[in-house]
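Proteins come first, then strands; the chains are lettered A, B, ... in the order of their sequence lines, and each starts at number 1. Values below: every heavy atom of this structure, side chains too, minus hydrogens, waters and symmetry copies.
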Amino acid sequence: MEHEGVTKVKDLLKSTDYGSEVKVKGWVRTKRGNKNIAFIALNDGSIIHNIQIVVDVPNFNEDTLALITTGASLSVSGTLVESMGKGQTVEIHAKDIEVYGTADSETYPLQKKGHSLEFLREIAHLRPRTNTFGAVLRVRHAMSFAIHKYFNDNGYYYMHTPIITASDAEGAGEMFRVTTLDDKNPPLDENGNVDYTKDFFGKETNMTVSGQLEAELGATALSQVYTFGPTFRAENSNTPRHLAEFWMVEPEMAFYDIEDDMNTAEDFIKYLVQYALDNCSDDLEFLNKMYDTKLLNRLKSIIDTDFKRLTYTEAIEILEKSTKKFEFPVKWGIDLQSEHERFLVENHFKRPVILIDYPKDIKAFYMKQNDDGKTVRAMDVLFPQIGEIIGGSQREENYEKLISRIRELNIPEKDVWWYLETRKFGTVPHSGFGLGFERLILFVTGMSNIRDVIPFPRSPKNAEF
RNA sequence: UCCUCCAUAGCUCAGUUGGUUAGAGCAUCUGACUGUUAAUCAGAGGGUCCUAGGUUCAAGUCCUAGUGGGGGAGCCA
């Protein structure tokens, strides 16, 4: 739908309708020229490229043109013409220019020149106006859309799981507390502890660390569901791969075993990468040129490569036999460290790896126990550069086995009674996995810091904007 | 949270064994140029050297602490 006769830059650049009258609105990237002619590069975010506005200076008010500086917002009406200059095929010969808002060139922080990503993080309110963040945000949108499309096309239902939760059973990390109690003078019980029965929900509540347990409830009715929402971890993690607030995709499939789970994960991620290549080529080419010249090759190779599948035990054997010296010694039962995962993916197999059948002691309570009594049907998809991009498992559907594991781990049964009931009433084998959305975006964009693939990152000591 | 590196103009950085008035490129401003492509050329303005202490005749430079940031690790997605 066209808005007020305005054409997007994206469509103007494709157009060959020379001589037609057009209107475009956007933000000035650069202006250059002399007293006779001026060139304005205008961008509206619809595409990484700018449309060039050609201004015959004598035809315009001098004071108006003086307001057109980098960052100013304009409405331009004019004629679409074949460009006389090199560097673009079409441009707009301006007839009328309206300045919506100026951007004082003395104080506007974005220059024509490139800026460091660290600096741009400090001006996250303005960084969407840069080429890099425009590209990242468009790719991020495309990936969000593709996720919904993939699941919708494959018979999944999008399920909204709660953001506020009273269950601490997931054990996926430290949680942010949610409360309306007076922080200076909270009600106390007879033992002097904070009395959460007086709190808003009548019990202690937190921000969710995962929608999985609730997604399982949906899967035992709708067969295939997925969640896609914000997730919160109060871990003091200061790394380029962690956020305190991030988005997670969690499909959950009834009647799927671990093999189906792996097949789905691999198909899903290849679909998303293919979607990016098909729909974000301009942005990916820019990122490939500016940040990571191997990006496009890496994305293409992922699609054509079968992920290497092996068990945790086999992986341990490979690591033990390798001549590489690891900082953390390898032994069956340990949780694999980044150096181990990187070795497997980047040195040994040189392709994505799916590891299954992990020791049960290093995995969550809900994972299906294998007959060996030692391992569970967990699955981790390990990617080059970013490590674990997907973690999933077949779930334990046997009530007796599940509750005995819950008791072993001292998880309060009163917190998970509802979860247990799905195993009591019409239980089915089922599986699922979680994909860290920002880690996917890291992989697809080739960016190296997770704070640069989310518009307004939340991390320890940073909740600005 | 641990290890490590860093903090100097709007941005990116240089600044020697501690020693006059702290520099460059880009950006900005002024001027020149009739088709530019991060335009080019000439000139000008622009600094609480992160903060607080300390050592010293003298600190951007050395020491201590703090704050913020990068990289690595842990926790994890």
Next on the checklist: Whether A:Lys363 engages the ring of A:Tyr312 as a cation-pi pair (distance to the six-membered ring centre under 6.0 angstrom, angle to the ring normal within 45°) should be assessed.
Outcome noted: no

Checklist entry - What is the nucleic acid contact for A:Leu243, judged by heavy atoms within less than 4.0 Å: base, sugar-phosphate only, or nothing? => result base

Checklist entry - Looking for any heavy atom pair under 4.0 Å, which part of the strands does A:Lys461 touch: base, sugar-phosphate only, or nothing? => result sugar-phosphate

Item to check | Pairwise P distance for B:rU4 and B:rG66, with rounding to whole Å | outcome: 14 Å

Next on the checklist: In whole Å, measure the gap between the C1' atoms of B:rC49 and B:rG10 for me.
Outcome noted: 16 Å

Checklist outcome for this item: With the side chain defined as heavy atoms from C-beta on, A:Arg233 is closest, among B:rG70, B:rC76, B:rG35, to B:rC76

Next on the checklist: Base, sugar-phosphate or nothing for A:Ser338? Non-hydrogen atoms, less than 4.0 Å.
Outcome noted: sugar-phosphate

Checklist entry - Between A:Tyr226 and A:His148, is a ring pair (Phe, Tyr, Trp, His ring centres under 6.0 Å) present by the stated rule, with each step listed? => result CA-CA 9 Å; A:Tyr226 70 103; A:His148 287 299; 5.6 Å; yes

Checklist entry - Quick one: do A:Arg342 and A:Glu339 make a salt bridge, cutoff under 4.0 Å? => result no

Checklist outcome for this item: A:Phe328 has its side chain closest, among B:rG35, B:rA73, B:rU34, to B:rA73

Item to check | Of the listed nucleotides B:rG35, B:rG69, B:rC75, the one nearest the side chain of A:Gln88 | outcome: B:rG35

Checklist entry - Looking only at atom C1', what distance separates B:rG46 and B:rA73, rounded to whole Å? => result 42 Å

Next on the checklist: Using the C1' atom as the point on both nucleotides, what is the distance between B:rU51 and B:rG45, in whole Å?
Outcome noted: 28 Å

Next on the checklist: Checking the side chain of A:Arg138 only, and the main-chain atoms of A:Gly45 only, is there a donor and an acceptor separated by less than 3.5 Å?
Outcome noted: yes

Item to check | Pairwise C1' distance for B:rU55 and B:rU61, with rounding to whole Å | outcome: 13 Å

Next on the checklist: What contact category does A:Arg342 fall into here, base, sugar-phosphate, or nothing, at under 4.0 angstrom with non-hydrogen atoms?
Outcome noted: sugar-phosphate

Checklist entry - So what does A:Ser105 touch, heavy atoms closer than 4.0 Å: a base, only the sugar-phosphate, or nothing? => result sugar-phosphate

Next on the checklist: Between B:rG47 and B:rU8, how far apart are the two C1' atoms, rounded to whole Å?
Outcome noted: 8 Å

